[in-house]
Amino acid sequence: MTNIKVRFAPSPTGYMHIGNTRTALFNWLLAKKLGGKFMLRIDDTDKLRSKEEYELSLRDSLKWLGLVWEEEARQSARFDRYNEVVEQLKKEGRIYACYETAEELEFMRKRLMNKGLPPIYDRSSLKLTAEQIAAYEKEGRKPHYRFKLVDGEIKWNDMVRGEVKYEAKNLSDPIIIREDGSYLYHLPSVIDDHDFGITHIVRGEDHVTNTASQVQMFEALGGSVPTFAHLPLLTGKEGKLSKRLGSLGVRELKAQGVEALAICSFLAKLGTSESIEPFYDLESLAQSLDLSKIGRSQPKFDVEELETFNTKFIHGAPYEYVKGRINADENFWNAVKGNLTYVQDITAWEDICHKEVAPVIEDATFTKQAADLLPPEPWNEETFNAWVNEVKAQTGKKGKDLFHPIRKALTAQENGPELKILMPLIGREKAYKRLNGITA
RNA sequence: GGUCCCAUCGUCUAGCGGCCUAGGACAUCGCCCUCUCACGGCGGUAACGCGAGUUCGAGUCUCGCUGGGAUCACCA
């Protein structure tokens, strides 16, 4: 048996958002489902754009989501290793120096496009003579490096797309080292996956052509090629995802009060043939994972749907799920949860029970009468029914006329949890005053 | 433009030639339950992008069209 290991490899150039989260989540779930390890890899090869602030935030978000990792690595700490591999591949002729400037490449691409041709690099640097190279060097030009793709068919069996095939000639040799000597993502990623023994890679389908060239890199390193799964990209309500969702960060959702597990449940099932339903622990969500149930078309992500689902998630949440996060006991939670949009809203009901409330009096005569009928304490859940029956008998009120004025006097709210639960918590003193229109 | 992917109710989808007068879930609407809201129960509205072809028969196969998306970066 091979040791299953998957990774999430964000570059710390931004905050955790819905797209990121989905990728991280699927990788994590797959690791759990297969009984493997989950690794966090910080892809910080781009020194200019990488920021510690982002990395810290990414870590926070992952932890909050529950996507904990057992192992981690950082690309900026592994340049020696990358250099070593590059030297070897240069010797093997798989990496070659190029002297075109960015402007020249840009121009070449445009020219090809205008002619209706695919903008594929023509490998002209490979044909440079020693004299030409010397001349460039003298001019002060520094080379950048490309990985040379070998001709032929590249194929792999994708866990969501099935068999995927590419013709190498339709691909450009990827640039792997910049003119300034810094690394681009492609090769380091492969070296890491190879060195750390990554067996499965789940990522967005925007990576499929990268995968094609990376398959050849894995082969060049002499290792086995991991199993790939390319997820269809999420789209937004009106088209593109990134812009609108770029602002939709995990931090914002958290601040809003959206449950981490609601986000995970939602994201894990969106775009699959399974229905989106609440999972109150990641482990069972992982067990339910089935990549073959992911559709091939792009699902629409709508924040409002997430919010609606989150509410449903809370309404169905067992006490165990919130235990430790709230002060209330199981009884109170079960009575109130159906009236909550976010877990934190429970404090509003606690306040109604324990803090001052300015009652809303609809029928002063009636509520005053009801106050006088209040039984002596101790009160329990039976108290309300006994009392309300007595009030009914004495006043002749029933139905909405009976309950509504009482509810509004006691809680100042139009609706809420069952009064029989709330009443003992409010207590006789406050109840008496509130029914008499006194803030208490 | 090249390459690749996609196209069924508002949304996510089932459907792999007859079992489809197209099924489920979410959303929505109505009714019931109920002191309110929520839950729950019952029921309703609602879809195969277009055009050819293959076939006794097409949502299902083929081709074309149209429409989306990805990629073709010295970003990841």
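Just so we're on the same page: letters track the sequence lines, and every chain starts at 1.
Within the 4.0 angstrom heavy-atom criterion, no nucleotide atom of any strand lies near Gly399(A). Residue Leu105(A) is in base contact, counting any heavy-atom pair closer than 4.0 Å across all strands shown. Among the heavy atoms of the strands lying under 4.0 Å from Arg296(A) are primed sugar atoms or P, OP1, OP2 only; no base atom is included.
Taking the side chain of Pro299(A) as heavy atoms from C-beta on, and the options rC12(B), rC74(B), rU3(B), the nearest nucleotide is rC12(B). Nearest nucleotide to the side chain of Met113(A), out of rG1(B), rA76(B), rC35(B): rG1(B).
Looking at Asn210(A), its side chain comes within 3.5 Å of the base of rA76(B) through a donor and an acceptor atom.
Contact annotation: Arg109(A) side-chain N/O to rC74(B) OP1/OP2 distance is under 4.0 Å. Listed pair Thr45(A) / rA76(B) meets the phosphate criterion, a side-chain N or O lying under 4.0 Å from OP1 or OP2. One finds a side-chain N or O of Lys300(A) lying less than 4.0 angstrom from the OP1 or OP2 phosphate oxygen of rC12(B). Side-chain N/O atoms of Arg178(A) include one lying less than 4.0 angstrom from OP1 or OP2 on rA76(B).
A side chain to side chain contact (heavy atoms under 4.5 Å, CB included) with Ile346(A) is found for exactly one of Val322(A), Asp351(A), Leu340(A), namely Leu340(A).
To the nearest 0.5 Å, atom CG of residue Asn310(A) and atom NE2 of residue His315(A) are 9.5 Å apart.
A ring-centre distance under 6.0 Å is found for Tyr280(A) and Phe313(A). With ring centers used as reference points, Tyr145(A) lies 6.0 Å or more from Tyr96(A).
Panel note: side chain Lys155(A), backbone Val164(A); no donor-acceptor pair is recorded below 3.5 Å.
Taking atom P on both nucleotides, rG24(B) is separated from rA46(B) by 14 Å, rounded to a whole Å. Taking atom C1' in both rC48(B) and rG17(B), one finds a spacing of 15 Å when rounded to whole Å. On the C1' atoms, rG15(B) is 12 Å away from rA58(B), given to the nearest whole Å.
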Every protein N/O lying under 3.5 Å from an N/O of nucleotides 62-67 of chain B:
none

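Annotation for Lys400(A): atom NZ does not count as buried by contact number, only 12 or fewer foreign heavy atoms lying within 6.0 Å.
With a 6.0 Å cutoff to the six-membered ring centre and a 45° limit on the axis angle, Arg146(A) counts as a cation-pi contact of Tyr121(A).
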